[in-house]
Novice: 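Please read through the structure below; I'll follow up with questions.
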Amino acid sequence: MQDNPQYQDRLARLARWHALGAEPFGRRLDDLSSIDQARQLHQADTPHDGSAAVKVAGRILLLRDIGKLIFITIADWTGRIQIGVAKQSMGVDWDKAKLLELGDIAWFSGKVGHTKTGEITVWADGLGIASKALLPPPEKFHGLADTELRYRQRYVDLFANPDSLEVFLLRSRVVREIRDFLHGRNFVEVETPMMQSLAGGAAARPFVTHHNALDIDLYLRISPELYLKRLLVGGMERVFEINRNFRNEGIDTRHNPEFTMLELYQAYSDLAGMMELTESMVVALATMCRKNARPADAESPSRLTLQFGDRLIDYTPPFERLSYRELLQRHADVNMADAATVKQAAARHGVADIENKAHDVLLGELFDRVVEPAIAAMERPVFVHDYPAGLCPLTRRKPGDETLADRFELYVAGMELANAYTELNDPLVQEQTFTQQLAGQKLEDSMARMDDDFIAALAHGMPPAGGLGIGIDRLVMLLANRTSIRDVVLFPLLRPTTAVRS
RNA sequence: GAGGCCGUAGCUCAGCUGGUAGAGCAACAGACUUUUAAUCUGUGGGUCCUGGGUUCGAUCCCCAGCGGCCUCACCA
């Protein structure tokens, strides 16, 4: 940083601010309007030199000094506005205006008018620096394009790339909308442990950490599920949590090691209730995002479509509802109940070690190989339901068919977006499934981890319930049209640079 | 874990068949009172990711490493 000559130039300019008696790293500013508010003060009949007085602050993105007049474009998180600074109307502050440079954060007071070409402009009668930028901003036209720099220096990405800021403001609106939606259905928000002595509730590899005073290893949670269900036992009938889960697995465009999950449980509901809730919520969110009409959307005004990458996803309800059985029949041409043909199909599709794998494990592998690609190509959200019971140990069996689990997953654009169950509340069955590891399944892929306290909780009686998990990052990807999860996570995990490591 | 692509000035990018590197923006000096990525004149700025190798000579070819992106595998 110190060996950057532009940093040295800016240090010199910092000294000139001090020489003027200004505080280049300033203090609180009162009576500020947002730039959006300032723009709205300009009406059709606003005179050229303005009428309404405002004070705005923001980062300097563009600066055109044409001698005795300077045009400055500043931005805050509500938008951009042009400032016109004329020597004639500035007096002693003119020296300060000449010191401003790209990247500085400054405030301006003046009247909202416009130029002869109609550009809304604050004609400054006062100005000051709020914070001096000692490092130059990225190129003003292209912004920060280097993906690695965008993630490592997100603070630069946010002010240099308006699209990026937009995504994270949208993410905030999405999460708020979800909370409003659930509060409207009488859910309460809770927080359960992220450090757990037993990482349960899902099949995934956990991160390990250590507590010094207790001298015990703890796991970062892979799921809040078993704690949220304890709350159902305690009588909190509708609970949800929006928070981080941690899974020690690969990183790619759809996986960050820490990711945000919405998980909720509703007493006296079931899978059908969760399906209704999920669809209503996703439709509400898509509708909210649809308001920023995009060209592709305008072509189908009667359909609730959103662009995602190079495809158009249609969220118009009702979503598709297809059973595991139908999908396997249609795409793999097998009868799920017929062990012999399932083995044949598995062999046909290259599944290894077939003789040593349980029936349900074979079904799962066939589904992943054959059905998932077909679902990924669909342009509508799909509820896949009636999963093989063996793959879902925390799920209640489907009434009237013990081989099936009362579970659905919602697939959108090839991503598993949501996962829901009619929850298992029989402590005797639960205890049994905790000990079950299906043949052909790796230990870390199973949920075979006995949680005695959770069994004890169920033994006190958990109301029948529906449970649902939604991956918030992926949801935001779909709603914000970002095909990489790193574009919707503010600070995605990257390998530390050597400078940081030392 | 496997494969493909990428790493050049603060930023965005060129760089031919191997002959010690260029542009735009930004910076610095100057002109300019209605610009719109302002314009015009002049100037400075490089560990070509790192380390080896081949070569008279490597940003360029080869090998290894580091970092990133994408695809696949695992997973949500």
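The model shown is predicted, which means the values in this text are computed figures rather than measured ones. In what follows, every chain begins at residue 1, and chains take the letters A, B, ... in the order their sequences are listed.
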Novice: So that I can tick it off, tell me whether A:Glu189 and A:Arg179 are bridged by a salt bridge, with the cut-off set at under 4.0 angstrom between side-chain N and carboxylate O.
Specialist: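 Yes, this pair counts.
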Novice: B:G10 and B:G46: how far apart are their C1' atoms, nearest whole angstrom?
Specialist: 12 Å
Novice: Closer than 4.0 angstrom, basic N to acidic O: yes or no for A:Lys98 and A:Asp65?
Specialist: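 Yes, charged N to carboxylate O under 4.0 Å.
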Novice: Say we look at B:A27 and B:C11: how far apart would their P atoms be, to the nearest angstrom?
Specialist: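 It comes out at 15 Å once rounded to the nearest Å.
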Novice: Would you kindly check whether a donor in the side chain of A:Glu139 faces an acceptor in the base of B:A26, or vice versa, at under 3.5 angstrom?
Specialist: no
Novice: What's the verdict on side-chain hydrogen bond (donor to acceptor under 3.5 Å, both in side chains) for A:Glu241 and A:Tyr227, showing C-alpha distance, side-chain angles and the deciding distance?
Specialist: CA-CA 11 Å; A:Glu241 179 164 7; A:Tyr227 284 93; over 6 Å; no
Novice: Pairing check on B:A76: which nucleotide meets the Watson-Crick or G-U wobble criteria with it, both distances under 3.5 Å?
Specialist: none
Novice: Salt-bridge test for A:Arg311 and A:Glu379: reply yes if a basic N is under 4.0 Å from a carboxylate O, no otherwise.
Specialist: no
Novice: Using atom C1' in both nucleotides, what's the gap between B:U55 and B:G45 to the nearest angstrom?
Specialist: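 About 31 Å, rounded to a whole number of Å.
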Novice: Nearest to the side chain of A:Lys116, which nucleotide is it out of B:U35, B:C11, B:C69?
Specialist: B:U35
Novice: Which is true for A:Thr73 with a 4.0 Å heavy-atom rule: it touches a base, it touches only sugar-phosphate, or it touches nothing?
Specialist: nothing
Novice: Tell me what A:Arg474 touches on the nucleic acid: a base, only sugar-phosphate, or nothing, going by heavy atoms under 4.0 Å.
Specialist: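 Contact class for A:Arg474: base.
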Novice: Inspect the contact between A:Arg486 and A:Glu148 and indicate whether a charged nitrogen and a carboxylate oxygen are less than 4.0 angstrom apart.
Specialist: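 Looking at A:Glu148 and A:Arg486, the cut-off is not met.
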Novice: Assign A:Thr147 to base, sugar-phosphate, or nothing according to its heavy-atom contacts below 4.0 angstrom with the strands shown.
Specialist: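 Here A:Thr147 touches the backbone only, sparing every base.
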Novice: If we call it a pair only when both distances are under 3.5 Å in a Watson-Crick or G-U wobble match, what pairs with B:A38?
Specialist: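 In the structure as shown, B:A38 has no Watson-Crick or wobble partner.
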Novice: Taking the six-membered ring where the residue is Trp, are the ring centres of A:Tyr151 and A:Phe491 under 6.0 Å apart?
Specialist: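 Judged by ring-centre distance (under 6.0 Å), A:Tyr151 and A:Phe491 do not meet the cut-off.
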Novice: Phosphate oxygens OP1/OP2 of B:C70: is one of them under 4.0 Å from a side-chain N or O of A:Arg486?
Specialist: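 Yes, within the criterion.
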Novice: Distance check, C1' atoms only: B:U43 and B:G7, in whole angstrom units.
Specialist: 30 Å
Novice: With C1' as the reference atom in both, quote the distance from B:U41 to B:C32 in angstrom, rounded to an integer.
Specialist: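 Straight-line distance between the two C1' atoms is 12 Å.
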Novice: Which of these nucleotides, B:G45, B:A73, B:G67, is closest to any side-chain atom of A:Asp252?
Specialist: B:A73
Novice: Under a 3.5 Å cut-off for both contacts, is B:C69 paired Watson-Crick or G-U wobble with anything, and if yes, with which nucleotide?
Specialist: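 Base-paired to B:G4.
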Novice: Measure from the ring centre of A:Tyr7 to the centre of the six-membered ring in the base of B:G10, then say whether that distance is under 5.5 Å and the planes meet at under 30°.
Specialist: no
Novice: Taking a pair as Watson-Crick or G-U wobble with both distances under 3.5 Å, which nucleotide is matched to B:U47?
Specialist: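 Pairing partner: none.
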Novice: Base, sugar-phosphate or nothing for A:Arg150? Non-hydrogen atoms, less than 4.0 Å.
Specialist: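 Here A:Arg150 touches no strand at all.
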Novice: Taking the same atom, P, in B:U33 and in B:C70, what whole-Å distance lies between them?
Specialist: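 Approximately 49 Å lies between the P atom of B:U33 and that of B:C70.
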Novice: Just N and O in the side chain of A:Lys98: are any of them under 4.0 Å from OP1 or OP2 of B:G30?
Specialist: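 No.
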Novice: Counting the atoms with a prime plus P, OP1 and OP2 as sugar-phosphate, which does A:Ile70 contact under 4.0 Å by heavy atoms, base, sugar-phosphate, or nothing?
Specialist: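 No contact.
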Novice: Determine the interatomic distance between C1' on B:C61 and the same-named atom on B:G19; round to the nearest Å.
Specialist: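 Result for the C1' pair: 15 Å, nearest Å.
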Novice: Identify the heavy atoms of A:Ile60 and A:Ala106 that sit nearest to each other, and give their distance.
Specialist: CD1-CB, 4.3 Å
Novice: Roughly how far apart, to the nearest Å, are B:G53 and B:A76 at atom C1'?
Specialist: 46 Å
Novice: Using a heavy-atom cut-off of under 4.0 Å over every strand shown, decide if A:Leu417 touches base, sugar-phosphate, or nothing.
Specialist: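 It contacts nothing in the nucleic acid.
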Novice: Which part of the nucleic acid, if any, lies within contact of A:Gly84, taking any heavy atom under 4.0 Å across all strands shown: a base, the sugar-phosphate backbone alone, or nothing?
Specialist: nothing
Novice: Let's test this: given Watson-Crick or G-U wobble pairing with both distances under 3.5 Å, identify the partner of B:C32.
Specialist: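 Looking at the geometry, B:C32 pairs with no nucleotide.
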Novice: Could a donor-acceptor pair under 3.5 angstrom be found where the side chain of A:Gln82 meets the base of B:U35?
Specialist: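 Yes, the side chain and the base share a sub-3.5 Å donor-acceptor pair.
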Novice: Measure from the side-chain heavy atoms of A:Trp123 and tell me the nearest of B:C69, B:U34, B:C70.
Specialist: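 The closest nucleotide is B:U34.
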Novice: For a quick check of understanding: with a heavy-atom distance under 4.0 Å over all strands, which category does A:Arg152 fall into, base, sugar-phosphate or nothing?
Specialist: sugar-phosphate
Novice: A:Asp9 has an atom CG; how far is it from atom P of B:U43, in whole Å?
Specialist: 18 Å
Novice: If you take atom types as modelled and just measure distance, does the side chain of A:Asp146 reach the base of B:C69 with a donor-acceptor pair under 3.5 Å?
Specialist: no
